[in-house]
Q: 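Here you go, one structure.
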Amino acid sequence: MNKKFNPQDFEKKWQAKWAEDNVYHTTESKKPKTFVLDMFPYPSGEGLHVGHPKGYIATDIYSRFKRMTGHEVLHPMGWDAFGLPAENFAIKHKVHPRVAVEKNVARFKEQLQVLGFDYDWEREINTTDPEYYKWTQWIFVQLFKKGLAYESHEPINWCPGCQTGLANEDLESDGTCERCGSLVEKRPMRQWVLKIRSYADRMLEDLDSLKWPEHIKEAQRNWIGRSEGAEIDFKLSTKDRVTVFTTRPDTLFGVTYLVLAPEHPLIQKNKSQVSNWDEVMQYIELSTNKKEQDRLDDTKEKTGVKLEGITATNPANNEEIPVYIADYVLASYGTGAIMAVPAHDERDYAFAEKFNIPIKQVVRKVFGETLPNAIPRVAAGAIVYNPKTEKYLVSFSHEFNKHSPWFGGLEDGEDFSETAVRETLEESGYKTKFIRYIGDEVESHFYHPGKDLNRSLISRMCLLEIIDQEPITVSEEEKKKQEPVWLTKEELVSKFTEERDSYDVSMLFDPRPFTGMGNVCNSDEFDDLSSKEAKVAITEKVGGRMTATYKIRDWVFSRQRYWGEPIPIIHCEKCGPVAVPEDQLPVVLPEVEHYEPTGTGESPLANITDWVNTTCPECGEGAKRETNTMPQWAGSSWYYLRFMDNHNNQALVSKEKEQYWAPVDVYVGGDHAVRHLIYARFWHKFLYDLGVVSTIEPFQRLEFLGFILAEDGRKMSKRWGNIINPDDIVKLVGADTLRVYEMFMGPFENTIAWSQDGLVGARRFLERVNGLSEHFIDNENELSERQLHKTIKKVCDDIEEFKFNTAISAMMVYVNTVEKEGLTQTAYETFLKLLAPFAPHLTEELWYGLGYTKSIHLESYPKYEQTLVVDNEVTIGVQVNGRVRGNITISTSASEDEAIALAKTVTSIKSHITGNIKKVIYKPAKILNIVI
RNA sequence: GCUGGAGUGGUGGAAUUGGUAUACACGUACGACUCAAAAUCGUAUGGCGCAAGCCUUGAGGGUUCAAGUCCCUCCUCCAGCACCA
């Protein structure tokens, strides 16, 4: 009779006992340490759904595993509770944000505790606790003292919905606010800004040393957006100089105009020189008033205005070129001005086409490697279009079985178009006229088999149009060489794509500039240099500077809202902004009557005069407090450090504890990881420079968490009414089942839909574990002992790699086996310990049921015997001519001859060995392949 | 468009890194127990075929004794970035 499996009977009991015995309490010790960290939650009013605990279950298993393998484990939990959502929630429900946060935290904590997590609650932190944000403010003061926090009056993003300034990162890609969806405007305001850009290079470089998923690293690189290039100065006719940033200084000779962003200061400065000022003014107003969305809508259609009366000089060749303003150039990136090279940039090309600006090729695409003793040649290629039949005439060579354009070398004084028309007439007999070029000149290097020589060819393709429908007679010699063939557009594309690698036929229908690297041409003394060489050489010649620029903006750090850390600054008329002295921290967030946003660009704190008015710490005169608060990301940018030493009121973290615990060994999270990780890494590196932390990176290893979708495949949300509450699942099947199921669903990083049916599998597994003691036998047989040790190895390896699904599957296989074969009590105890991190309640219940009086979670994790995980006899597949025909069970040390002999005894194999054995591939313990 | 990642049964997914493809679980079918149902247990379960056998890891080529795994071309999906010079 199966023992009843009623998790409700014992889960609560053991949770209480663990808390009472302080089982999961952590202190620094002689043991090796492991710091396992979850991205701490934002305690929203909605509570948890089953997707939220997934990461916490994983870290719980990992930390229990580490504890049982002799590590001192730090696995803490806390609350990220400042910020807009909490405040908006509070305003909506007409409660004080603090009250709302307290309530939400209590709810979250209760929901977490039901799942039996091993958090050390003595280390709980809350970012809204003055004892905590004292140190957030302290970090800000240090940033300020080092000149890394400064005031700026640049126009910034303003969200009319949230009534606050936002960082660039707070916007969705369509220019709306990520919190409320309002369209974000630009507003000039006083802001605190952090110089995150100063750390961009270090954040980029140190990425390589981290064990993080590639896509997260890539997202970080993207975000920082470093690009290498040069700054080059252009002289204007007004004697001013415009500095442009370009990644392609090798194309400088191809610059045919300059573009300034509409906000560029030189435009206003040279107002008097601009003869079409009204038009210019109108354009500037139009583009600055354009909502971000409109600006994105017309990404294809370029707009702009020429600055009449002003020209610039190309420093490479002293050519005079026009200057435009256009909003495809962003004021906030690079220098807010560009040199336009329409021949080699898609955007400049589109703009130049629209405004009829010359397009000058200065780089040739190169096919093949330069060959020794190559004979140079210049030639034109032609494809002939017949508008009547809508077909294209090309030549077909029987000798090479290939289609090709009409082709011939340039003769004296000819250009490509003339050659194309002449050669086409000679070779095909058709009279044609030149329509346009198809792409630029290209350079090809190849071996010419017909002439037995190496060729270095410069060529350009032409589109011709037929004049007479009927061809004239062609010489017999030409007829032998090639045959004219008419192809439809589709045929042309498919034949050329298949047969020719050096003609990009799609250029015929979709003309676009060549934007790749190649060899430079039309550039005086730099001709024939590679793009790479020319970049440096040309930059040097014109006195430019090789440099790098970044996409990442400095971090707009102030919010005009109530619910955040007050920025610890005092504004004094005489001394300017002064940091609040460290002994006066924290600057406590004062109580206010109205914490709704004022909408005036000032925080609600500005209304509390007796808080705002203070004295200057430097000169003692009357001064005013800064009333802006910090963004939500502030508190989460360093919280992991506080867990190491959360009661310290002398320092953010003590040196000893930091040195023991840092860095975070495994960090687990998903969602807006990229933002948080950028900010946290920035602060960490700053704290490293201050000597507060001893590691250059905060998070050694990052495991990305895949979400759980609702059963309908959509995101779980109130809106769809498809939320599954973990409390309900625990009531239904118990916490252990929920834990095992979520880990068994699939690979940890995958996003997978919840399945109520699938839950049953986990439940059945635990029921079978619960009934295992019925299968006790007295003497262990060797086979099941081996299986146990293989299972131990698999589970250990898999937990270490966060492959919980396969770890559980291995344990299921083991249970399936011993239900048939039986197991000894020793094996049973080993298995319980193996399962303990996954199902802490059930294993504890069964452990105590065996008569033990100390928690299973304080036991040592099972270790496997090396000799028992390697089989000395295995079943391997036997192939004949690479196809599996049967299998043999054979000693791993058996010789090839023994293996073949054994294989021949198997009928299904023998029947396929019909001839002489030509070759045998035998890999012991892997495969036997007989080739006949 | 660019970058990164991935395509395996009806479903979630395994596969010692080039060596018996489809482990484990769900679902389904049949059987046992039951007056009955649920639960539980047992058997079967990639496709075609009575069978021997043949086919099968998004599609098509290639390398190899051997390819889900490596190489080339293409298609699809997910994620991030997106006028970033």
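All chains are named by letter (A, B, ...) in the order of the sequence lines, taking the proteins before the strands, and each is independently numbered beginning at 1. Predicted, not measured: the structure shown is a model, and the values here were computed from it.
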Q: Select from Ala762(A) and Gly336(A) the residue whose nearest nucleotide in RNA chain B is closer to the 5' end of that strand.
A: Ala762(A)
Q: Specify the separation, in whole Å, of atom OH of Tyr328(A) and atom C1' of rA82(B).
A: 17 Å
Q: From Ser227(A) OG over to Ile224(A) CD1, what is the distance, rounded to the nearest 0.5 angstrom?
A: 12.5 Å
Q: Taking the six-membered ring of Tyr349(A) as reference, does the NZ or CZ atom of Lys302(A) fall below 6.0 Å from its centre and within a 45° cone about the axis?
A: no
Q: Taking atom types as they are modelled, would you say the side chain of Asp757(A) forms a donor-acceptor pair with the base of rC26(B) within the 3.5 Å cutoff?
A: no
Q: Paired with rG1(B): which nucleotide, if any, by Watson-Crick or G-U wobble criteria at under 3.5 Å for both distances?
A: rC81(B)
Q: Would Glu353(A) and Arg512(A) count as a salt bridge (charged side-chain N to carboxylate O under 4.0 Å, His left out) if you check the C-alpha gap in whole Å, the side-chain angles of each, and the deciding distance to 0.1 Å?
A: CA-CA 11 Å; Glu353(A) 286 272 285; Arg512(A) 58 190 184 278; over 6 Å; no
Q: So, does Lys923(A) get its side chain near the phosphate of rG19(B), meaning an N or O under 4.0 Å from OP1 or OP2?
A: no
Q: Should rG9(B) be called syn or anti, with syn set as within 90° of 0?
A: syn
Q: For the P atoms, the ones on rC83(B) and on rA6(B), what distance do you get once it is rounded to whole angstrom?
A: 28 Å
Q: What is the pairing partner of rA37(B), taking Watson-Crick or G-U wobble pairs with both distances under 3.5 Å in any strand?
A: none
Q: Partner lookup for rU57(B), please. Criteria are Watson-Crick or G-U wobble with both distances under 3.5 angstrom; report none if nothing qualifies.
A: none
Q: Between Arg764(A) and rU40(B), does any side-chain N or O lie under 4.0 Å from OP1 or OP2?
A: yes
Q: Below the 4.0 Å mark, does rA14(B) have OP1 or OP2 next to a side-chain nitrogen or oxygen of Asn805(A)?
A: yes
Q: Within the structure, does a side-chain N or O atom of Asn750(A) lie under 4.0 Å from either OP1 or OP2 of rG13(B)?
A: yes
Q: Nearest to the side chain of Lys803(A), heavy atoms from C-beta on, is which of rU20(B), rG4(B), rA15(B)?
A: rA15(B)
Q: Below 4.0 angstrom from OP1 or OP2 of rA23(B), is there any side-chain N or O of Thr806(A)?
A: no
Q: Please determine, for the side chain of Leu330(A), which listed nucleotide (rG5(B), rA85(B), rG19(B)) has the closest atom?
A: rA85(B)
Q: Pick the closest RNA chain B nucleotide for Thr247(A) and for Ile921(A) by heavy atoms, then say which residue is nearer the 5' end.
A: Ile921(A)
Q: Under 4.0 Å between any heavy atoms, over every strand shown, what does Pro747(A) touch: base, sugar-phosphate, or nothing? Just pick one.
A: sugar-phosphate
Q: What is the nucleic acid contact for Asn816(A), judged by heavy atoms within less than 4.0 Å: base, sugar-phosphate only, or nothing?
A: sugar-phosphate
Q: NA contact type, Thr549(A), heavy-atom cut-off 4.0 Å: base, sugar-phosphate, or nothing?
A: nothing
Q: Quote, to the nearest angstrom, the C1' distance that separates rA23(B) from rG1(B).
A: 42 Å
Q: Is the base of rC83(B) touched by the side chain of Lys302(A) through a donor-acceptor pair closer than 3.5 angstrom?
A: yes
Q: Partner of rU22(B) by Watson-Crick or G-U wobble geometry, both contacts under 3.5 Å, or none?
A: none
Q: Evaluate ring-ring contact (aromatic ring centres under 6.0 Å, His included) for Phe351(A) paired with Tyr324(A), printing each intermediate quantity in order.
A: CA-CA 10 Å; Phe351(A) 191 85; Tyr324(A) 286 79; 5.3 Å; yes
Q: Salt-bridge test for Arg764(A) and Glu767(A): reply yes if a basic N is under 4.0 Å from a carboxylate O, no otherwise.
A: no
Q: Closest to the Arg768(A) side chain: rA25(B), rA66(B), rU20(B)?
A: rA25(B)
Q: Please name the nucleotide paired to rC30(B) by Watson-Crick or G-U wobble geometry with both distances under 3.5 Å, or report none.
A: rG42(B)
Q: Can you tell me the base-pairing partner of rC50(B)? Count Watson-Crick or G-U wobble geometry only, both distances below 3.5 Å, and say none if there is no partner.
A: none
Q: For nucleotides rG68(B) and rG19(B), find the distance between their C1' atoms and express it as a whole number of Å.
A: 13 Å
Q: Under a 3.5 Å limit for both distances, which nucleotide forms a Watson-Crick or G-U wobble pair with rU76(B), could you say?
A: rA6(B)
Q: Tell me whether the OP1 or OP2 atom of rC55(B) has a side-chain N or O from Arg883(A) closer than 4.0 Å.
A: yes
